[in-house]
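Notes for the one structure printed next.
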Amino acid sequence: MSFDAIKKVETFIISIPRDVPYLGPLREGEKINEKGYLIRKGNRSIYPSSDMSMLIKITSESGKIGWGETYGIVAPHAVKAIIDDVLGPVMVGRNPAEPVVLHEDLYDLMRVRGFFGGYYVDSLAGVDIAVWDLYGKQMGLPVSALLGGRRHASLPAYVSGLPKATLKERCDLAVEWVRKGYKAIKFAAAVSDEGIVAEMAALREAVGPGIDLMVDLHWKFTSAEAIRLIRRLEAHNLYFAEAPCEPEDLEGQTIVARGIGCPLALGEELRTVFEYRPRFEKRTMTIIQPEMGHTGITEFLHIGRLAHAFHVDTIPHASIGIGIFMAASLQATSALKRVPYHEYQHSIFDKNLKFVTGKMGCEKGHYILPEGPGLGVEPHPSVFDYVIG
Ligand code: MG
């Protein structure tokens, strides 16, 4: 059987300047270093001061093009090298209509060396999205149709983060989002300078009882500390608590999940079904937050279907990028059953929408899902003005 094989795989590192860094203005003791990164004292994590992205372009023999994006926000050259040096040459000549088979084959290339996470799987995620996009274009179908069908015509969005310097300003911003029609808001404990409980109480007071409020605890607490804190937040009707304990502390998270009266959400840092599986088995969380830029479409679906089998809801994570992996996330999420919300990183998503073509957006509390074959969106030519490697 003849097929329209993969002919070429290309990679582009993108850096788009932004006025206010992710998670809000710089705080005392925080500075941007000579490579453009800053370390947030609140969660001890490194972030780029610009919007970084890594785009992947796959061209078929007939000239059809598939686009992917991965989570290359820090040291993006590592991801680029893996794709340019290892994955791309192996993909040439392969059939894009077999994305799952291709993903399994690429995963196997490095697994006996222990590369079943981190940058290697981020690289797989980016190329996997591009292969599904190309396959969809070949078939003339949106990715959601290839994944079994679109169950949701739109997806409820929760507003993620209130990037303002003071609690008063953050409360005002929350009220603004509610007025625009949003029903759920998550705040970042890493920048709750007035105290996490005080922030929760002030936000509840500001938005009233009908809004779902969530908190991201950024892996900062022991299980006992987390239980005590979350219990106090529950008094203000917390919708979920995210990532209370260190990411390696599977037992600690499990203890928290059993010791609190609201759902525990986690998973943004996990990439494959193998990383999720022990957490499902132990009932470590009641909501999973897979990040498309880390998982790719094949693993995302695999993880989402397993969550369904464990009666666990999926509320996908969505972070820094130009919108290609957001389109992939919306396509894949729309094919899952149990999805109360999808994260909405307004300060990144809205600003970067001009860098994608196609119908996608977020309005009045809901995502507008991309239509058309493949992902339904493509990078706008203007984004290539920001290529740095
Ligand atoms: Mg988080």
Side-chain angles (χ1 to χ4, degrees), residues 9-18 20-23 26 30-58 67-91 106-107 109-111 113-130 190 218-219 243 246-248 267-272 275 289-296 299 317-326 328-329 345 347-348 352 355 379 383-389:
V9 179
E10 296 166 89
T11 51
F12 306 89
I13 299 171
I14 311 285
S15 175
I16 302 166
R18 54 185 293 146
V20 179
Y22 179 63
L23 291 178
L26 293 178
E30 294 177 349
K31 64 172 177 24
I32 296 169
N33 72 16
E34 70 273 16
K35 289 287 183 185
Y37 299 125
L38 65 139
I39 298 170
R40 288 291 186 193
K41 288 170 76 183
N43 66 357
R44 299 168 57 79
S45 295
I46 191 163
Y47 296 91
S49 52
S50 61
D51 284 352
M52 298 289 296
S53 179
M54 171 83 210
L55 291 177
I56 295 105
K57 179 184 184 184
I58 300 182
W67 287 100
E69 184 179 21
T70 185
Y71 200 72
I73 64 167
V74 173
H77 290 91
V79 181
K80 184 173 169 61
I82 291 167
I83 297 172
D84 291 350
D85 209 42
V86 182
L87 305 178
V90 175
M91 294 168 71
L106 296 175
Y107 181 85
L109 297 176
M110 296 282 270
R111 75 188 306 194
R113 302 185 185 122
F115 290 92
F116 28 65
Y119 283 102
Y120 189 69
V121 178
D122 283 359
S123 311
L124 293 179
V127 299
D128 181 70
I129 294 167
H218 293 288
W219 309 278
E246 289 173 337
E248 305 86 347
E268 71 178 84
E269 72 278 27
L270 307 174
R271 291 175 176 79
T272 66
E275 292 183 324
Q289 302 174 293
E291 157 66 59
M292 178 58 76
H294 286 319
T295 63
E299 284 294 336
H317 185 258
S319 53
I320 300 166
I322 68 146
I324 297 298
F325 65 58
M326 272 303 298
S329 191
Q345 289 277 9
S347 78
I348 296 157
N352 292 341
F355 294 121
V383 82
F384 296 96
D385 294 344
Y386 297 96
V387 171
I388 59 162

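These values consider heavy atoms only, across backbone and side chains, with no hydrogens, waters or symmetry-generated copies. If you're wondering where the values come from, they're calculated on a predicted model, not measured in any experiment.
In this structure a side-chain-to-backbone donor-acceptor pair under 3.5 Å is present from Thr70 to Gly293. When atom types are taken as modelled, the side chain of Ser123 and the backbone of Ile83 share no donor-acceptor pair closer than 3.5 angstrom.
Within the 4.5 Å cutoff, no side-chain heavy atoms of Leu55 are placed close to those of Thr11. Annotation: side chain of Ile13 is not in contact with side chain of Val387 (no heavy-atom distance under 4.5 Å). Taking 4.5 Å as the limit, every side-chain heavy atom of Thr295 sits out of range of all side-chain heavy atoms of Leu124.
Distance CG/Leu270 to NE2/His317: 11.5 Å, rounded to 0.5 Å.
Taking the six-membered ring where the residue is Trp, the centroids of Tyr120 and Tyr107 are separated by 6.0 Å or more.
For Glu30, the side chain to side chain donor-acceptor pair (under 3.5 Å) test picks out Arg40, with sequence neighbours left out. Remark: Lys57 pairs with no residue by the side chain to side chain donor-acceptor pair (under 3.5 Å) rule, at least two apart or across chains.
Between Tyr71 and Phe325, the ring planes lie tilted relative to each other; the angle falls in the 30° to 60° range. Ring geometry for Phe12 versus Phe384: interplanar angle over 60°, hence perpendicular rather than tilted (30 to 60°).
Ser53 pairs with exactly one of Ile322, Ile324, Ile73 by the side-chain contact (heavy atoms from CB on, under 4.5 Å) rule, that one being Ile322.
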